[in-house]
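Below is one structure, written out as structure tokens, with a few remarks after it.
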Amino acid sequence: MTKVAYVVSSQLVELVHSLVASLGLLKKVQVVKPLPATLQDLAEYHSSDYLDALLNPALSTASTHGLDHDCPVFPNLPLYVQLVAGATLTAVKALQFTDIAISWEGGRHHAQKSSASGYCYVADCVLAILAMRRVKEVHGARPRVMYIDLDLHFSDGVSQAFYKQNSLLTLSIHHTSPGFFPVTPLATLQHPDQEGDAFDPFTLSIPLLRGASAATYLHVFPLVQRVAEIFAPTHIVVQCGVDALAEDPHANNELPGSLGFYVHNILHTFPGKKLLLGGGGYNSANAARAWTYLTSIALAEPLACDTNVPYEHPFFPLYSPSFTLEISTGTMQDHNTPAYRSEITEIFHNRVLPALSEAVEDTVSISL
């Protein structure tokens, strides 16, 4: 059985942890209790003026640093921020004694250095990557971190934080359409022949159109594999946002089966230590189903989709009408035509991957 460290916070994502426990998975993982992140931990990335506002217990309203609209101030916000970041950083530390660590509390990929954004107040993904890069491996090599984002939305907070930094590679697979959040040029299909010098071979995107089906996700997966082969990471962070699942209020894609396929192959066939994080997911019962299922995949003991939710589970009524782990695949039309998928594949094979190979060779030469 695969050794997995699983971070459990009694104050966050209770629905997920209770389902994981009800199905007997907590008995098979190494449960780790997180410590809240300190001011010093948060200051490794976030600006002091943002932290002054964010961690102010007397703050009741704010119109600066993005603390309004989709990121309003709420009671105990400072503690929430410390718990989210602390859970993720605890999972990173757990990788010292295991090859896979899970923190479903984490995955807040929109938070910026000096502002909140997109329901994300703290850049725990960025903090995790920075912590990984500080770890000195036994053989003395500098860690090479690959960040893979499976959320419906582009990973702007993470991709922008490490833009043009060659010891880290970000790859986001996300929905794209005019005006869809977050609006940034990096969310488009990047390649070396585009105008200007914006292309960074270590900041990659696979933008998918509305209704991306399992067939579309499976079609682009070999590109993810090839990127990992070329970059040869020592650590991989996987943001497992589930807001692309059918029945999610934000859903534009159809993700259920392909999410498990991606995570299984990344965990068990890709090189390096792995950190699984949560992310978007606005149908709470389906998010709990998905992350419980991914926990079983991490253990290399995948649960069947028709596994019954135990009656004694404290949130049992939320899983009606099926009361199983099954998530609908939906009926949305896949607008990613064979021609569009082929265009992505051709651009990657003919332009992106050669540029990445050359850039990796250059970094290896410099390090030598």
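Sequential numbering from 1 along the given sequence is applied to the chain's residues. What you see is a predicted model; the values in this text were computed from it and never measured.
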Review point. Passes ring-ring contact (aromatic ring centres under 6.0 Å, His included), H17 versus Y6? Steps please.
Key: CA-CA 10 Å; H17 297 324; Y6 185 95; 5.4 Å; yes
Practice item. List the steps, then state whether side chain to side chain contact (heavy atoms under 4.5 Å, CB included) holds for R133 with R142. Key: CA-CA 7 Å; R133 293 172 71 181; R142 184 181 183 186; 3.0 Å; yes
Practice item. Please test Y119 against H110 for ring-ring contact (aromatic ring centres under 6.0 Å, His included), starting from the C-alpha separation and ending with a verdict. Key: CA-CA 8 Å; Y119 308 113; H110 296 308; 8.5 Å; no
Practice item. Determine, stepwise, if the pair T38 / D41 fulfils side chain to side chain contact (heavy atoms under 4.5 Å, CB included). Key: CA-CA 5 Å; T38 65; D41 291 332; 3.1 Å; yes
Practice item. Walk me through it: do T176 and H174 pass the test side-chain hydrogen bond (donor to acceptor under 3.5 Å, both in side chains)? Key: CA-CA 6 Å; T176 184; H174 53 270; 5.5 Å; no
Practice item. Carefully, step by step, assess H313 and Y319 under the rule ring-ring contact (aromatic ring centres under 6.0 Å, His included). Key: CA-CA 10 Å; H313 176 53; Y319 298 93; 5.4 Å; yes
Exercise for review: Please step through side chain to side chain contact (heavy atoms under 4.5 Å, CB included) for the pair L325 and L19, ending with a clear verdict.
Suggested key: CA-CA 10 Å; L325 290 186; L19 184 58; 4.1 Å; yes
Review point. What's the verdict on side chain to side chain contact (heavy atoms under 4.5 Å, CB included) for L189 and I206, showing C-alpha distance, side-chain angles and the deciding distance?
Key: CA-CA 6 Å; L189 183 57; I206 299 179; 5.6 Å; no
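Remark: side-chain polar atoms of D334 are paired, donor with acceptor, to backbone N or O of S213 under 3.5 angstrom. The closest donor-acceptor contact from the side chain of D124 to the backbone of G107 lies under 3.5 Å. Between the side chain of T88 and the main chain of A85, no donor-acceptor pair closer than 3.5 Å is present. Within the 3.5 Å criterion, the main-chain N or O of Y163 finds no donor-acceptor partner in the side chain of D200. Formation of a donor-acceptor pair under 3.5 Å by the D151 side chain with backbone atoms of G280 is found in this model. Between the side chain of D243 and the backbone N or O of L152 there is at least one donor-acceptor pair closer than 3.5 Å. Here the side chain of K274 pairs a donor or acceptor atom with the backbone of L267 at under 3.5 angstrom. Without hydrogens or angle criteria, S18 side chain to L15 main chain gives a donor-acceptor distance under 3.5 Å. With hydrogens and angles disregarded, no donor-acceptor distance shorter than 3.5 Å links the side chain of E326 to the backbone of N308. A donor-acceptor pair is defined here as one N or O able to donate and one able to accept, closer than 3.5 Å; no such pair exists between the side chain of N76 and the backbone of L79.
Inter-residue side-chain proximity for L171 and M146 is flagged as met; some heavy-atom pair is nearer than 4.5 Å. Contact annotation: the side chain of C240 approaches that of L294 to within less than 4.5 Å [non-hydrogen atoms, C-beta and beyond]. Looking at L276 and W291, their side chains never come closer than 4.5 Å, going by heavy atoms from C-beta outward. Contact of the L54 side chain with the H65 side chain is not registered, since no non-hydrogen atoms from C-beta on lie closer than 4.5 Å. Residues L150 and I148 have side chains in contact (heavy-atom distance under 4.5 Å, counting atoms from C-beta outward). I236 is listed as a side-chain neighbour of V238, based on a closest heavy-atom distance under 4.5 Å. Looking only at side-chain heavy atoms (C-beta outward), V158 and Q160 stay at 4.5 Å or farther from each other. Using a 4.5 Å heavy-atom cutoff, the side chains of Y340 and P207 are in contact.
With hydrogens and angles left out, the side-chain atoms of S115 and S117 include no donor and acceptor closer than 3.5 Å. Between the side chains of Q239 and R108, no donor-acceptor pair is found at a separation under 3.5 Å. Using modelled atom types, one finds no donor on one side chain facing an acceptor on the other under 3.5 Å when comparing E229 with Q225. No side-chain donor-acceptor contact under 3.5 Å links T184 and D156. A donor-acceptor contact closer than 3.5 angstrom is absent between the side chains of S114 and Q112. There is a side-chain donor-acceptor pair under 3.5 Å between H175 and S177.
Other residues, nucleotides and ligands contribute over 12 non-hydrogen atoms within 6.0 Å of the CG atom of D193. Heavy atoms from other residues, nucleotides or ligands lying under 6.0 Å from OH of Y311 number 12 at most. Counting non-hydrogen atoms of other residues, nucleotides and ligands closer than 6.0 Å to CD of E358 gives a total of 12 or fewer.
None of Y293, F221, Y217 except one satisfies the ring-ring contact (aromatic ring centres under 6.0 Å, His included) rule with F261; the exception is F221.
Atom CG of L356 and atom CD1 of I230 lie 5.0 Å apart (nearest 0.5 Å). Note: L259 CG to I327 CD1 = 8.5 Å, rounded to the nearest 0.5 Å. How far CD of Q190 is from CZ of F348: 9.5 Å, rounded to the nearest 0.5 Å. Once rounded to the nearest 0.5 Å, the distance linking CG of L51 with CG of L55 reads 5.5 Å. Atoms CD and CD1, from Q194 and I347 in turn, are 10.0 Å apart once rounded to the nearest 0.5 Å. Atom CD of Q82 and atom CG of L42 lie 6.5 Å apart (nearest 0.5 Å).
Scanning all heavy atoms of the two residues, the minimum distance from L25 to T292 falls at CD1-O, 3.6 Å. Taking each heavy atom of A161 and V126 in turn, the nearest pair found is CB-CG2, 3.9 Å. T216 and R341 make their closest contact through OG1-NH1, 3.2 Å (heavy atoms, listed as atom of the first residue, atom of the second, distance). In terms of heavy-atom proximity, K273 sits nearest to D99 at NZ-OD1, 3.2 Å. The two residues L26 and A21 make their nearest non-hydrogen contact at CD1-CB, 3.5 Å. In this structure, H109 and F154 approach most closely via the heavy-atom pair CE1-O, 4.0 Å.
Transitive grouping of hydrophobic side chains (ILVMFWY, heavy atoms separated by less than 4.5 Å) keeps L35 and Y45 in distinct clusters. Under the 4.5 Å side-chain heavy-atom criterion for ILVMFWY residues, no single connected hydrophobic cluster contains both V4 and V7. A single hydrophobic cluster is not seen to contain both L186 and L169; linkage of ILVMFWY side chains at heavy-atom distances under 4.5 Å, directly or through other members, places them apart. A chain of hydrophobic side-chain contacts below 4.5 Å, direct or via other Ile, Leu, Val, Met, Phe, Trp or Tyr residues, connects V16 to F316. Hydrophobic cluster membership differs between V32 and M132, with clusters built from Ile, Leu, Val, Met, Phe, Trp and Tyr side chains linked at under 4.5 angstrom.
In summary, E44 and R134 engage in a salt bridge, as defined by a charged side-chain N under 4.0 Å from a carboxylate O.
The distance between the ring centers of F270 and F231 does not fall below 6.0 angstrom. Aromatic pair H153/F180: centroids less than 6.0 angstrom apart.
For the pair K113 and Y50, the cation-pi test (distance below 6.0 Å, angle within 45°) is failed.
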